[in-house]
Amino acid sequence: MHIDLNADLGEGCDTDEMLLTLVSSANIACGWHAGDAQTMRNCVRWALQNHVAIGAHPSFPDRENFGRSNMQLPPEEIISGMLYQLGALDAIIKAEGGRMTHVKPHGALYNMAAKDAVLANAICAAVRSFNPELAVFGLAGSELIAAARHADLSAVEEVFADRAYQADGSLVSRTQAGAMIEDEAQAIAQTISLVRDKQVTALDGSTVKVNAQTVCLHGDGAHALSFARTIRARLEQEGISVRALH
């Protein structure tokens with residue numbers, strides 16, 4: 001058994017270089033919610049040094065709120081913004097001798113696309129026109145996964161180590177109590193259940209079936225690095241190898 005571990009990077013944390021020794025896929029911020037050209041270049045170099053798959057982490061144009069504000073934009077504007085961000089990161093990756101493997105939207109763009117088919121289709125249209133060989137990371141069972149498959153893109157179903165789930169398989173909103181799992185042991189137990197058993201216990205106590213293909217480890221938490229080390233070691237103890245999908 002194997003699983004991909006991914007982390008969102010280039011968002012202003014000082015743990016990026018070390019996290020890239022522990023994960024198998026990196027989602028690099030493209031400047032619209034966080035990051036800048038030099039940060040992107042540093043992350044790309046570190047990822048290449050560690051043979052980590054490199055993906056783009058585009059967002060709404062919302063630096064002020066770290067890309068977490070819901071925005072209602074027309075599909076053409078979504079496509080243009082996606083192309084702008086993918087192009088910027090791709091130029092840096094190619095200059096460093098690497099290749100982009102996937103795209104994972106950030107924050108509100110990700111969460112809205114999980115439920116909004118029109119937005120999900122716009123994201124996938126941008127990815128397909130940019131490079132149809134790129135995979136799309138989206139919340140397992142979401143509209144974004146369905147849109148990626150409809151666009152004949154590789155769809156990768158993502159789960160979260162430290163986020164609570166609703167009974168319908170969606171994530172508990174960060175505005176609600178209990179949305180973030182702060183207890184490390186609980187987060188590790190949830191991750192093992194997601195990967196090995198393909199299920200998770202929702203906030204209401206119900207059991208939800210989930211197709212886990214990649215696990216997100218948040219790179220911006222206070223204990224991100226120690227948690228990454230612990231979860232990787234625990235997965236290996238369980239006989240689950242960590243490797244990129246692409």
Side-chain angles (χ1 to χ4, degrees), residues 6 8-12 27-36 39-40 55-90 100 102-132 134-160 162-180 202-203 210 214 216 218-220:
N6 79 77
D8 305 335
L9 304 172
E11 296 178 330
N27 322 305
I28 300 176
C30 302
W32 271 20
H33 74 282
D36 53 37
T39 302
M40 290 157 73
H57 198 38
S59 78
F60 283 131
D62 178 36
R63 221 174 154 86
E64 184 180 354
N65 298 297
F66 198 68
R68 288 180 176 157
S69 300
N70 287 1
M71 302 179 78
Q72 302 296 331
L73 302 176
E76 279 302 308
E77 202 168 321
I78 294 294
I79 292 171
S80 297
M82 288 284 299
L83 292 173
Y84 180 85
Q85 293 175 84
L86 297 184
L89 181 62
D90 195 51
M100 187 185 294
H102 65 277
V103 177
K104 175 188 165 182
H106 165 81
L109 183 64
Y110 180 100
N111 292 324
M112 288 178 69
K115 298 181 179 180
D116 184 335
V118 174
L119 177 58
N121 286 331
I123 290 169
C124 292
V127 173
R128 183 168 177 78
S129 64
F130 185 78
N131 180 356
L134 293 175
V136 173
F137 283 23
L139 182 67
S142 69
E143 289 289 346
L144 184 55
I145 294 296
R149 288 177 179 148
H150 184 71
D152 292 324
L153 296 167
S154 174
V156 177
E157 299 194 67
E158 182 179 42
V159 297
F160 290 80
D162 60 357
R163 291 291 301 274
Y165 280 78
Q166 302 279 22
D168 64 355
S170 64
L171 298 177
V172 174
S173 169
R174 284 177 179 264
T175 61
Q176 291 185 38
M180 299 298 297
L203 204 58
V210 184
T214 185
C216 177
H218 283 110
D220 57 352

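Residue numbers run from 1 in the order of the sequence given. Owing to the predicted nature of the structure, the values given are computational and were not obtained by experimental measurement.
- Looking only at distances, a side-chain donor or acceptor of Tyr165 sits under 3.5 Å from a matching main-chain atom of Phe160.
- Residues Ala108 and Ser69 approach most closely at CB-O, 3.4 Å, considering heavy atoms.
- A distance of 13.5 Å separates CZ in Arg68 from OH in Tyr110, rounded to the nearest 0.5 Å.
- In this structure, the side chain of Asn121 engages the main chain of Ala117 through a donor-acceptor pair within 3.5 Å.
- One distance of note links CG of Asp62 with CG of Leu109; it measures 10.5 Å at 0.5 Å rounding.
- Residues Glu143 and Asp116 are not in side-chain contact: their nearest non-hydrogen atoms beyond the backbone lie 4.5 Å or more apart.
- In this view, Asp168 and Gln166, Ser170 satisfy the side-chain contact (heavy atoms from CB on, under 4.5 Å) rule, not counting sequence neighbours.
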Open item on the list: Evaluate Met71 against Glu77 for side chain to side chain contact (heavy atoms under 4.5 Å, CB included), listing each step before the verdict.
Closed with: CA-CA 11 Å; Met71 302 179 78; Glu77 202 168 321; over 6 Å; no
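- Separating the CG atom in Leu171 from the CD atom in Gln176 is a distance of 11.0 Å, to the nearest 0.5 Å.
- A donor-acceptor pair is defined here as one N or O able to donate and one able to accept, closer than 3.5 Å; such a pair exists between the side chain of Gln85 and the backbone of Ser59.
- The backbone N or O of Gly31 lies less than 3.5 Å from a partner atom in the side chain of Arg63, making a donor-acceptor pair.
- Inter-residue side-chain proximity for Val103 and Phe137 is flagged as unmet; no heavy-atom pair is nearer than 4.5 Å.
- Contact annotation: the side chain of Val172 never approaches that of Arg163 to less than 4.5 Å [non-hydrogen atoms, C-beta and beyond].
- In terms of heavy-atom proximity, Cys216 sits nearest to Lys104 at SG-NZ, 3.3 Å.
- The shortest distance between side-chain heavy atoms of Ile28 and His57 does not fall below 4.5 Å.
- Nearest heavy-atom pair across Phe60 and Leu73 is CD2-CD1, 3.9 Å.
- For the pair Leu144/Leu139, no side-chain contact is recorded, criterion being any heavy-atom separation below 4.5 Å from C-beta on.
- A 4.5 Å side-chain heavy-atom check between Ile123 and Pro105 finds at least one atom pair inside the cut-off.
- The backbone N or O of Gly107 lies less than 3.5 Å from a partner atom in the side chain of Asn111, making a donor-acceptor pair.
- Taking the side chain as every heavy atom from C-beta outward, Leu134 and Met100 approach each other to under 4.5 Å.
- Looking at every heavy atom in both residues, Ala164 comes nearest to Leu203 through CB-CD1, 4.1 Å.
- Judged by distance alone, with hydrogens and angles left aside, the side-chain atoms of Asp36 form a donor-acceptor pair with the main-chain N or O of Thr39 at under 3.5 Å.
- Under a 3.5 Å cut-off, the side chain of Glu11 and the backbone N or O of Gly35 do not form any donor-acceptor pair.
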Met180/Asp162 under side chain to side chain contact (heavy atoms under 4.5 Å, CB included): CA gap, chis, key distance, verdict
CA-CA 6 Å; Met180 299 298 297; Asp162 60 357; 3.9 Å; yes
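- Side-chain atoms of His102 and Asn6 include no donor-acceptor pair closer than 3.5 Å.
- Nearest heavy-atom pair across Trp32 and Gly81 is CH2-CA, 3.4 Å.
- Between His106 and His33, the two ring planes are parallel [angle under 30°; tilted spans 30° to 60°].
- Ala148 pairs by the side-chain contact (heavy atoms from CB on, under 4.5 Å) definition with Cys124, Val136, Leu153, Ala155, not counting sequence neighbours.
- Between Ser129 and Leu83, the shortest heavy-atom contact is OG-CD2, 3.8 Å.
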